[in-house]
Amino acid sequence: MNNCYLSSNYLFVMQKIIRYGVYVREVSLKQQQISFNKIAPSIEKDAEGNDIPYHPPKIQLRSLDIVRLIKPYISVRLNEQIRAVVPLAIYLALFQLFILKQNVSDHWVITAGMISVIIGLMLFMEGLKVGLMPFGETIGTVLPSKSSLPVVLLVAFLLGIGVTFAEPAIGALKTAGSIVSVTEAPYLYALLNDYSGMLVLIVGMGVGLAAVIGTLRFLYSWSMKPVIYCTLIPTLALTIYVMGNPFLSNVIGLAWDSGAVTTGPVTVPLVLSLGIGIAASAGKGSSSLSGFGIVTLASLFPIIGVLCLAIFIYMTVPAADIIANAAMAAEVAAPSWHELTPWVEVKLGIQAIVPLVLFLLAVLILLLKERVKNKLNTFYGIFLCVVGMVIFNVGLSYGLAKLGSQSGGLVPAAFTFIDFVDDSPLYSYGFGIFIALMFAWLLGFGATLAEPALNALGSTVENLTNGAFKKSMLMYSVGIGVACGISLGILKLVFNIPVVLILLPFYFFAIFLTYISTEDFVNIAWDSAGVTTGPVTVPLVLAMGLGFGNAMGSLDGFGILSLASICPILAVLLTGIWVQWKIKRRHKKSEAELSQVDVGVGVTAI
């Protein structure tokens, strides 16, 4: 733009034609020239005529200034958690009020719990980014160059255990223990109550083993298909063995659900950053899909561990002893102060985060001889993690678990008689079943599309497949898969179908689809299930399933999460096969058009 000058808000242009965008930008500018001497402090001199150094006063901030500075920082992080929690809570409340015609009991308590979940997750996720993630990145980069492979694998194994205890959703398994009846399912009760610490440890060992196998896969460029086959064969064999034992059969749902709980916002980033760092340092991390696979293994190995633990308890502890111990525990006097809210949540928050931090510090300082970079930021992030975990645990007990259990317990009133629901069944049997299935379907679909991790995975997959597998296609495939899985879980509870009768055919079908699919789509499909099980979805669906099962008189309310994991795998595999078919058809069409052009050129030449 030639021959133009600015004066305050006005633009005088000698040229007749300019771009409108340029004009709007220029007229929106407000410029005023100020001499630097007017804003710089005057120079003062001492008695000898020397300049006196200027020491500026401390900046004084008003309350309004502090709010304006902090507001953008907090609002972005707060809105992310609000988008994940509030729509689900509103959906459950409205469904309960208008479809089931029941008031939300303890609504103030539940509201306060939901606010705690939002604030706790916001603080925890920020602390994870600022404090814990730099540890994983540093260790993943430096460890392979300073330690032997066995030491590296040992660190990966121990890290897998540590991150499992730090997962926010792992507390949902412990919370679920209070809902299980000891007389009807003694070994399931024992796993969730008497052996809850051992249960989490075994799940963590499964994640640790997955980290080791995933790291070896990165190093030696193993194909994902044989790894899946070798992992699924013992998993399915153990499941079939436990299915034949009437005392242990109701543990299967818990075992398969525990695999879904592990792949959360702590496990995946930390373990993945370590594995990819190791592979990159060895020069084996060049593949665009080298990061896929660890999520799948972290979902399958814990299943084997939980089933083995259940078999061990069955062989060593009689069911009568479990029932007697539960009766004695119920007769014990009031719990001590450290077993009450909020002290129990404080204890659990510290137990979840502090051991992991101490382990990472020990590896960094003692093994790698490295210093902690940005100490202030790092320990600030760790403090946020602990505080966030404590607040989240309070919200989990009084918000997510309470609302999910209440809604799940009321849904069967749509089609069957429930003692505490007047005029139940509220609808005819067939229509009531349809309402229950639609409730589950919409809950699963909405919760999945709200997961930030799925949105990130969709963008990654679209880039890696050069647009062949669209982001929206992946998101809707996974969303529909999770929705159908949760609906199947509700059908399982309604008709009292053993979860293994649904899981086994689905996993055998998944193996077949894996065999005929390409490696890229196998990696994407088997990892897609892991991103749907976030810290909000898992407790909500677990509590809903257990509440629904109790209302129906079912012994086992577990299994819904496992169905919500296998169905998206099948959906993405089927979508991938369809995408492959479209690509092949397009290539054939292009080749046919090229051959016709070549024939035409040849005829013209003749």
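Only a predicted model underlies this, so the values are computations on that prediction, with no experimental measurement involved.
- Here Leu201 pairs with Ile161, Phe165, Met198, Met205 under the side chain to side chain contact (heavy atoms under 4.5 Å, CB included) rule; sequence neighbours left out.
- How far CD1 of Ile119 is from CZ of Phe392: 13.5 Å, rounded to the nearest 0.5 Å.
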*Test Tyr429 against Ile433 for side chain to side chain contact (heavy atoms under 4.5 Å, CB included), laying out the working first.*
CA-CA 6 Å; Tyr429 184 76; Ile433 293 287; 4.1 Å; yes
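- When atom types are taken as modelled, the side chain of Lys101 and the backbone of Asp422 share no donor-acceptor pair closer than 3.5 angstrom.
- In terms of heavy atoms, Ala185 sits closest to Asn250 at CB-ND2, 3.4 Å.
- Heavy atoms only, all atoms of each residue included: Cys484 and Cys567 are closest at C-SG, 4.4 Å.
- In this structure, CG in Leu188 is found 10.5 Å from CD1 in Ile313, a value given to the nearest 0.5 Å.
- Qualifying salt bridge (Lys or Arg N to Asp or Glu O under 4.0 Å) partners for Asp106, counting only residues two or more places apart in sequence or in other chains: Lys402.
- At a threshold of 4.5 Å between non-hydrogen side-chain atoms, the residues Trp256 and Leu503 count as touching.
- No side-chain heavy atom of Leu248 sits less than 4.5 Å from a side-chain heavy atom of Tyr241.
- Here the closest non-hydrogen pair linking Phe247 and Tyr187 is O-CD1, 3.8 Å.
- Rounding to the nearest 0.5 Å places CG of Leu238 at 5.0 Å from SG of Cys308.
- Leu542 places a side-chain heavy atom less than 4.5 Å from the side chain of Phe558.
- When the side-chain hydrogen bond (donor to acceptor under 3.5 Å, both in side chains) test is applied to Tyr398, the partners found at least two apart in sequence or on another chain are Thr341.
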Show which side-chain atoms of residues 82-99 pair as donor or acceptor with protein atoms under 3.5 Å away, not counting sequence neighbours.
residue, atom, partner, partner atom, Å
Tyr91, OH, Phe439, O, 2.8
Gln96, OE1, Ser407, OG, 3.3
Gln96, NE2, Asn103, O, 3.0
Gln96, NE2, Gln406, OE1, 2.8

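- Rounded to the nearest 0.5 Å, atoms OG (Ser565) and CG (Asp257) are 7.5 Å apart.
- No side-chain heavy atom of Val203 sits less than 4.5 Å from a side-chain heavy atom of Val261.
- Pairs passing the side-chain hydrogen bond (donor to acceptor under 3.5 Å, both in side chains) check and including a residue from residues 474-486, sequence neighbours excluded, read Ser477-Thr575.
- Pairing each heavy atom of Ala166 with each of Leu356, the nearest pair is CB-CD2, 3.8 Å.
- Listed by chain and residue number, Tyr427 satisfy the ring pair (Phe, Tyr, Trp, His ring centres under 6.0 Å) test with Phe431 (two or more places apart in sequence, or in another chain).
- Take Ile418 and apply the side chain to side chain contact (heavy atoms under 4.5 Å, CB included) test, not counting sequence neighbours, and it matches Pro412, Ala413, Thr416, Phe420, Val421, Ser424, Ala551.
- Here the side chains of Ile350 and Val346 are in contact, with some heavy-atom distance below 4.5 Å.
- The minimum heavy-atom distance between Gly127 and Leu384, with the atom names listed, is CA-CB, 3.8 Å.
- Residues passing the side chain to side chain contact (heavy atoms under 4.5 Å, CB included) test with Ser299 are Thr263, sequence neighbours excluded.
- Taking the side chain as every heavy atom from C-beta outward, Ile486 and Thr448 never approach each other to under 4.5 Å.
- Heavy atoms only, all atoms of each residue included: Cys385 and Leu128 are closest at SG-N, 3.3 Å.
- Qualifying side chain to side chain contact (heavy atoms under 4.5 Å, CB included) partners for Thr316, counting only residues two or more places apart in sequence or in other chains: Phe312.
- We find the CD1-OG1 distance between Ile569 and Thr514 to be 8.0 Å, quoted to the nearest 0.5 Å.
- With sequence neighbours left out, Phe445 forms a ring pair (Phe, Tyr, Trp, His ring centres under 6.0 Å) with Trp441.
- Ring geometry for Trp526 against Tyr507 counts as tilted: the plane angle lies between 30° and 60°, on a 0 to 90° scale.
- Among pairs with a residue in residues 436-447, none fulfils salt bridge (charged side-chain N to carboxylate O under 4.0 Å, His left out), at least two apart in sequence or across chains.
- Tyr195 contributes no side-chain N or O that, together with a main-chain N or O of Ala310, makes up a donor-acceptor pair within less than 3.5 Å.
- The list of salt bridge (charged side-chain N to carboxylate O under 4.0 Å, His left out) pairs with a residue in residues 294-303, not counting sequence neighbours, is empty.
- Side-chain contact between Val207 and Phe301: absent, with no pair of heavy atoms (C-beta onward) separated by less than 4.5 Å.
- Side-chain N or O atoms of Tyr189 include none that pairs as donor or acceptor with a backbone N or O of Thr183 at under 3.5 Å.
- From Ile490, atom CD1 reaches atom CG of Leu563 across 10.5 Å, with rounding to the nearest 0.5 Å.
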